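Worksheet: one structure, shown below.
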2 protein chains.
Amino acid sequence: MALEHAILVSLLEKPGSGYELARRFERSIGYFWTATHQQIYRVLKRMEADGRLDVREVPQQGRPDKKEYSVAAPGRAALSQWLHEPIEPESVRHDLAVKIRGAAFDDPAALIREVERHHRAHSDRLAHYLAGELRDFTGPEAPGTSGTPGPPDAGQELQHVVLRGGIAYERMTLAWLDDVLATLHRLGAGH
Amino acid sequence: MALEHAILVSLLEKPGSGYELARRFERSIGYFWTATHQQIYRVLKRMEADGRLDVREVPQQGRPDKKEYSVAAPGRAALSQWLHEPIEPESVRHDLAVKIRGAAFDDPAALIREVERHHRAHSDRLAHYLAGELRDFTGPEAPGTSGTPGPPDAGQELQHVVLRGGIAYERMTLAWLDDVLATLHRLGAGH
DNA sequence: AGCTCCATGTAATCGGTTACATGATTAG
DNA sequence: CTAATCATGTAACCGATTACATGGAGCT
């Protein structure tokens with residue numbers, strides 16, 4: 001039930017409508033959680049009914065009105081409680097790996113195109129993350145930076161470390177996909 | 001619906017009972033897919049009803065009898081078809097990242113214990129993977145190995161490259177968790 | 001005339017998790 | 001005597017995916 005918590009975090013960072021949340025889930029929050037608008041609207045309703053969120057109808061000109069959600073005190077409490085509970089380390093779900101092992105019973109070479117597609121997709125994601133890092137965090141720490149003006153705020157630092165995780169994940173994945181491609185080519189050539 | 005395909009791959013590698021599959025999902029297949037025995041039994045029944053699997057009752061002494069499943073021709077065809085369909089690159093779901101961003105609205109230092117727990121869990125998994133690599137694939141390629149006897153079989157190679165993916169993932173995760181810990185400590189100290 | 005963006009929803013289905021249930025054998 | 005291993009299942013629930021649905025504003 002971490003979607004609730006992801007929504008609480010996002011709304012604490014900035015209140016917004018269901019639509020806006022859906023867009024955030026396509027961008028920054030998408031580094032670590034995904035959700036579609038259908039899911040989000042349903043959960044927002046439930047959370048509002050439970051008193052964890054406040055809503056405010058915002059009339060707009062030229063656009064449909066929207067409902068702006070923000071975190072109410074019980075929502076903040078719920079998040080805080082969850083933060084203090086231990087959670088299980090993630091288990092992975094990786095379809096592509098199933099395919100790779102399955103290729104032993106089919107034509108391994110036929111997978112090359114697919115793996116190349118994934119490589120391109122992850123490459124794009126990495127570029128997108130790096131652009132975001134440059135935009136929001138003034139790039140990777142230059143070692144020779146003189147006198148940064150005091151400690152940066154905790155929220156920024158924490159967002160940045162999560163983004164660095166996304167970047168590390170994409171880089172690792174790209175390197176692994178290179179390894180997979182080399183293996184598939186070797187199997188094709190050795191045959 | 002990749003659980004079906006993971007089961008097909010596993011049963012092609014070696015036929016077995018639901019119980020045995022559940023154990024494999026805790027081990028090697030667990031690198032890229034997880035499933036509990038309840039799930040597995042349900043899916044096995046469905047796949048057998050659909051004619052994708054064959055069953056054989058195997059009486060045993062000293063233990064309960066078991067049902068050994070193996071892949072029937074239509075199952076092999078279904079797998080083959082799936083292998084030729086493109087799939088979407090995975091989207092990540094990472095609770096811990098939600099917590100890290102959420103920590104900005106609570107006490108960041110309180111997360112240190114939790115992150116350390118995750119670090120230990122991933123460290124254990126890495127050790128387990130590395131042991132498996134040594135056992136099943138005679139360790140990482142030694143550069144000075146003279147004359148390996150002909151091309152190794154495709155199945156082995158493909159299982160190995162998937163395992164290398166698991167290893168790379170755990171190493172990347174450990175490095176990131178170090179980064180997270182350093183960040184949390186910095187925030188605690190700078191305060 | 002057609003497409004995209006903004007904005008919100010309902011309904012059906014399916015996959016996954018959690019809890020409950022049974023029962024024999026073997027090792028500590 | 002207790003716990004773990006082998007072996008198989010049912011039932012309830014919940015979260016996620018997919019399809020369907022509406023409707024105005026603004027751009028090309």
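Here the structure is a predicted model, which is why all the values come from computation and not from measurement. A note on names: the letters A, B, ... follow the listed sequences, proteins ahead of strands, and every chain is numbered from 1.
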- Message: With a 4.0 Å limit, can you tell me whether A:Tyr41 has a side-chain N or O closer than that to the phosphate oxygens OP1/OP2 of C:dT8?
- Response: yes
- Message: Tell me whether the rings of A:Phe137 and A:His160 are parallel (<30°), tilted (30 to 60°) or perpendicular (>60°).
- Response: parallel
- Task: Select from B:Gln38 and A:Arg63 the residue whose nearest nucleotide in DNA chain D is closer to the 5' end of that strand.
- Result: B:Gln38
- Message: Over 60° means perpendicular and under 30° means parallel, so tell me whether B:Trp176 and B:His94 are parallel, tilted or perpendicular.
- Response: tilted
- Query: A:Arg56 CZ to C:dA7 P: how many Å, rounded?
  - Reply: 13 Å
- For DNA chain D, which nucleotides open and close the run of contacts to chain A, 5' to 3', at under 4.0 angstrom from a non-hydrogen atom? D:dG15 to D:dA25
- Can you figure out which of C:dA7, C:dT17, C:dC6 approaches the side chain of B:Gln39 most closely? C:dT17
- If you fit an axis to the five pairs at each end of the helix from C:dA1-D:dT28 to C:dG28-D:dC1, how big is the angle between those two axes, to 10 degrees? 40°
- Answer yes if the side chains of A:Thr34 and B:Arg93 hold a donor-acceptor pair under 3.5 Å, and no otherwise. yes
- Which whole-number value in Å describes the distance from B:Ile7 CD1 to C:dG16 C1'? 13 Å
- Message: Let me spell it out: for each of A:Trp33 and B:Gly18, pick the nucleotide of DNA chain D with the closest heavy atom. Which residue's pick is nearer the 5' end?
- Response: B:Gly18
- How long is the line joining CD of A:Glu90 and C1' of C:dG16, in whole Å? 15 Å
- Does a donor on one side chain sit under 3.5 Å from an acceptor on the other, for B:Asp95 and A:His5? no
- How many Å lie between OH on B:Tyr19 and P on C:dT22, as a whole number? 19 Å
- Message: Could you tell me if A:Asp54 and A:Ser70 have a donor-acceptor pair between their side chains, going purely by distance under 3.5 Å?
- Response: no
- Between C:dC6 atom P and A:Gln60 atom CD, what is the distance in whole Å? 10 Å
- Item | For atom CD of A:Glu26 and atom C1' of C:dC6, their distance in whole Å | 13 Å
- Which distance, rounded to the nearest 0.5 Å, do you find between the NE2 of B:His37 and the OH of B:Tyr19? 10.0 Å
- Task: Would you mind telling me which of A:Arg120, A:Met172, A:His118 makes a side chain to side chain contact (heavy atoms under 4.5 Å, CB included) with A:Leu177?
- Result: A:His118
- Closest-nucleotide ordering on DNA chain C, the 5'-leading residue of A:Lys66 and B:Ala35: A:Lys66
- Examine distances only and state if a side-chain atom of A:Glu85 and a backbone atom of A:Trp82 form a donor-acceptor pair shorter than 3.5 Å. no
- Task: To the nearest Å, give me how far apart CZ (A:Arg42) and P (C:dT10) are.
- Result: 10 Å
- Message: I'd like to know if the side chain of A:Glu20 reaches the main chain of A:Ser17, judged simply by a donor and an acceptor atom lying under 3.5 Å from each other, with no hydrogens or angles considered.
- Response: yes
- Query: Of B:Thr36 and B:Arg46, whose nearest nucleotide on DNA chain C comes first from the 5' end?
  - Reply: B:Arg46
